[in-house]
Amino acid sequence: MTIIAQRQVEPRYDAVAIDRKWQERWEKDRIYRVDDNDPRPKWFEMTMYPYPSGDLHIGHWYAMAPSDAHARFRRMQGYNVLHPIGFDAFGLPAENAAISRGIHPYEWTMSNVENMRRQLRSLGAIYDWDREVVCCLPEYYQWNQWFFIKLFEKGLAYRAKAPVVWCPSCQTVLANEQVLNGVCERCDTPITRRDFEQWFFRITDYADQLLDFDTLEDWPDKILTMQRNWIGRSDGVDIGFDISDYGIEEREIRTFTTRIDTIFGVTFIVLAPEHPLVPQLTSESRRAEVDAYIDQARAASEIDRLSADRDKTGVFIGAYARNRLNNEQVPIYVADYVLTTYGTGAVMGVPAHDARDFAFALKYRLPIRTVIAPIEWDGLAQTEAYVGVGFMTNSGAYDGMTNEEGSVAIAREVERRGWGRNTVTYRLRDWLISRQRYWGTPIPMVYCADCGVLPVPESDLPVLLPEDAEFRPTGESPLAINDSFVNTVCPNCGGPGRRETDTMDTFMDSSWYMLRYCTPQFSDGPYEPETTGEWMPVRQYTGGAEHAVMHLLYSRFFIKSLRDMGLLDIDEPFLRLYNQGVILGSDHEKMSKSRGNVVNPDDVVGQFGADAVRCFLMFIGPWDQGGPWSDEGINGIVRWLNRVWNLMEHDARELDAHPTDPVAVRDTQRILHQTIRKCYDDLDKFKFNTVIASLMELVNHLSHVWNAQSVDSATWNVSTEKFLLMLAPIAPHVSEELWEIKGHPYSIHQQPFPTWDEELAADEEITLVVQVNGRVRDRITVAAGIGAEDAQQLALESQRVQAHVDGKAVRNVVYVPGRLVNVVVG
RNA sequence: GCCGAAGUGGCGGAAUGGUAGACGCGCCGGUCUCAAAAACCGGUGGGAUAAUAUCCCGUGUCAGUUCGAGUCUGACCUUCGGCACCA
C-alpha cells in the first residue's frame, strides 16, 4: 500500500452493503423495466455500447455513469425512459485473443460479456436487462444478413476490387492497427497491398443528404464540422486531356479540378500509381522505373502519402497529354501524392497555383507559369504557389477577367465543347464492408458459375458462422478453407455454388442496434415497426468523439436507406448527441498497463461504493473534456457523502427547541430554490460538475444552519427532502437508503424531480460592483430592484470612488442592472 | 501533413462581455485527544505594506475591438483527439 492509500477517507456507512441491498431490491421489484405501453411520453436515451474486451475499465464508468444520471433525470422529469445496454461483440480482438490463447472467439467473447454484465450491474444504472443486445449471436446477426440483402436488392451493395494491407510472410490480410511503421507487427516483414474483390455500400449516393443536418436537434458543432470535412464536397470541373495519339481505347485522361480558372497554367499531368492508364501509357524505356515506383508507393500509407511535409516524389512515364485549351503537350507523371480514391485519380499540375504541384515542379524542374496575377503583381517569378484571387493572365481570350469570371467562362466553354463538365466530387468513399476474417457476420451471398452472384434466400437465413472454423492465420480467409461452409447450392439453378467467405465490418452491427433495443425479442424481423416507430429516433445519444465520422455517419446512412426502402419513417437515428471526454490516469496520461496508472473500477467501487465513484467521475470537470483520475480527489467526494449522511441522520425535532431566525429561514429557502434551478438547468446540459458543486454549497449551508439551530423543522425537512431528490440521479444507492431512513415511501427513483419557485429563488439584496475606468473600487449592497439613477448616485457618492475620481471630469457612467456601475473619468 | 479541440492558483476546475479563482483536493492554523487518525472551525493567487487599510500585478504569447476581455477578432506558441481494417 502506498502512503496515499493509507490517507484514504472511508465512507461512514457500509457502502458495499447498501449498493448490494438496493441493486437486489430494484432487480426484484423490476422498477427499471421499460414498458412500451406506459402512457408517459417516451424518451430513448442511449450510450454507445461497449466492446466486451474483458474487464470494465474506469473509462467505461466515465461513459456510463454520467449518462445514466442524465437518463435518470429525464425519468424524474416524467418521461418513460429507455436507456438500454448491449455488447458490440464481433471484432478483431476476439480473434487475436483466440490466436494467442487458443480459445474460441465465441467463448472468449461470451465469458467477457458475462463478466462485464456483472461489472455493469455494479453501476446501479437503470438498464433494462431484458433488452440487452449481443450482436455476435445469430438472433442478432441474421438481421445484418437480412439488411445486407435488402441493400443489395436496392442496388446499394456492390462488389469491386479494393486494396488490402497484406503481409507477404504471414500470407494474411492485416488491419491498419496491425501495421507498425510499415511492417507487420507479428513478423516485422514490410507490408504490401493486394487487390481483392470486396463488397461496398453506396454511402456516397447519400453524400448530400448526409451533409444536411437540419433535422438534428443538438449535435456538437465540432462533430458536424468533422462530418462535413469527411464528406468533403467539392464543386469543380471534370476535364479530359487528349491522349488519342497513343491508339489505346481511352482517348483522354479525365482529371478533376476545383480551379478550372488555372487551366492555362497546366505544365504536367499526374496520375495516381494505381491509375489504370499508367501501364498502357508508360513507354518501354521508362517501364522498369515506373513499375518500381508503383511498388514502393503502394506500400506507403495514405497518411504518409498525403503528408505535405514529405518530399514529393514521382516518375515521368514517357508520355504526353494535350491540353485542349491551348493545344500544349504536357508530360505525364505518376506520383504518390495523387490518390486513386479521390476524384478521378488524376490531376492537372498547375504549379503556380497549387502548393503540392509547386513543390513537385521545383523538384522535377517543370515550368511554373503564372496565370492568375495577384493584385499589384510585380511580374517576377513566384517563390511559392499563389492560391488567392487575381486577374487572368497568360490565358488567351480570358486575360483580364477576374479569376472568378474566368472560372465560370472556361467551365461554360469546356462544357460547350464536350471536353468536360461541371461536377461534384466527394472525399467520402463508399463503405467497404468486407473483412477477410472469421469473427463477424457472414456475408449472405452465393456465387454460381452459371447464375452469377445471388443473395441467400431469406428463408435460409441465418447463414451461421461455422463453429469449427480454423481462425488462425493460414494465408486464406478463415471461412474460405472450411469446405462444409463454402460449398452450397445455387439458390437459382440448384447447381453447385460457393458461399461468400468474407465477413462484415462490425460497424454494420452498430449501424442499427438502436432499432433492436426497441423490440429485442421480435423474431419476424429486425424490429417490430410500430413500437420501434414510437421510440425512434433516439432522443439523446452519448459516446466518445472518436466515432464522429465513421459509426455516426454509417448509422445515419443506414437509417436513411431504410427510410428509402419503406422500412422505417425517420430521417435520422440520433436527434441529440453529446460526446464525453477521456478519463486519464492521475499522472495526466492516458491509462495504460505499461504506465501503471490504470484504475480498476471493481477496486474503487469495493472501497468507496458505486455512488462515490459515480459522483467523483462527474465532479472531476466538464464531462466533454475528460480529466485525470485522482486518488486524493475522491476523498473530497467520500467526505461529502459522509457529511450528507450525518445531516440526514439529524432529528429535525431538535430544531424546534431553539428560536428560529427568520433571516436564516429565508436564506435557506432562497438557496434551496436557487440550487434546484441550477441543478435542473445543468443536468439538462450534462454539466454534472457544477451540479455537484451547487449541491455541495447547499450542504454547506445546511450544515451551518444546523450548527446554529437557526431554522424550524419544517424548513429543514423540506430542504433535506428536496436535496435527496436532487441527489438521486447522481447517487442512486445512498439517496435511496437515506430516503428510506427518513421515512419516505419507496422508491425515491419513482419520484418527480423537484421544481423551483422563481419568487423564492429571487435575491432581495444584491452586491453592486462599482468600477472607476473599469477597475473595481467598491462594492455596495443595494435592493435587488434598484433603478439606474439610484444606483449611479450611490456609486458616485462612494468614498472610494471619489478618491479615484479625484476631481476629474466624469465623462460617462455605465450601469448594468443588478451587476455594476462603471464610472468613466479622465 | 490535413481536420478538430483545449491552454485560468501547488492540483482538478468555476465564471449570460461586467466582483477572476465558485466547488473540491492539497497545504497552514485551531478545537477535540495521552498521542495520532477521523471529524469539526478558520485561512489559503503573487507582490508592496505594521495592517483582515490601501495599492500594483495576474487567465499560454503578441496585437486589436470595448466604458469594461478568461470570454470577442487576428497572428503565433504549446498540448491533446481523429485520419477510413481498433472499436
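Computed from a predicted structure; not experimentally measured. We name chains A, B, ... by the order of the sequence lines, and we start the count at 1 in each one.
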Would you mind classifying the nucleic acid contact of A/Arg12 as base, sugar-phosphate or nothing, using non-hydrogen atoms under 4.0 angstrom? nothing

cation_pi(A/Arg427, A/Trp230) dist<6.0 Å, angle<=45: yes

Taking the side chain of A/His804 as its heavy atoms from C-beta onward, which of B/G82, B/C55, B/C67 lies nearest to it? B/C55

Measure the distance from CG on A/Leu428 to P on B/A84 and round it to the nearest whole Å. 14 Å

Could you check which nucleotide pairs with B/G29 in any of the strands shown, counting Watson-Crick or G-U wobble with both distances under 3.5 Å? B/C41

Look through every strand shown and name the nucleotide pairing with B/C2 as Watson-Crick or G-U wobble, where both distances are under 3.5 Å. B/G82

Considering just the side-chain nitrogens and oxygens of A/Asn700, establish if one lies under 4.0 Å of OP1 or OP2 belonging to B/G24. yes

With a 4.0 Å cut-off on heavy atoms, is A/His551 in touch with a base, just the backbone sugar-phosphate, or nothing at all? nothing

With respect to the phosphate group of B/A84, does any side-chain polar atom (N or O) of A/Arg429 fall under 4.0 Å of OP1 or OP2? no

Hey, does A/Val776 reach any base, or is it just sugar-phosphate, or nothing, if we go heavy atoms under 4.0 Å? sugar-phosphate

What is the nucleic acid contact for A/Asn642, judged by heavy atoms within less than 4.0 Å: base, sugar-phosphate only, or nothing? nothing

Applying the Watson-Crick and G-U wobble criteria at under 3.5 Å, what pairs with B/U65? Answer none if nothing qualifies. none

Below 6.0 angstrom between ring centroids: does that apply to A/Tyr554 and A/Trp431? yes

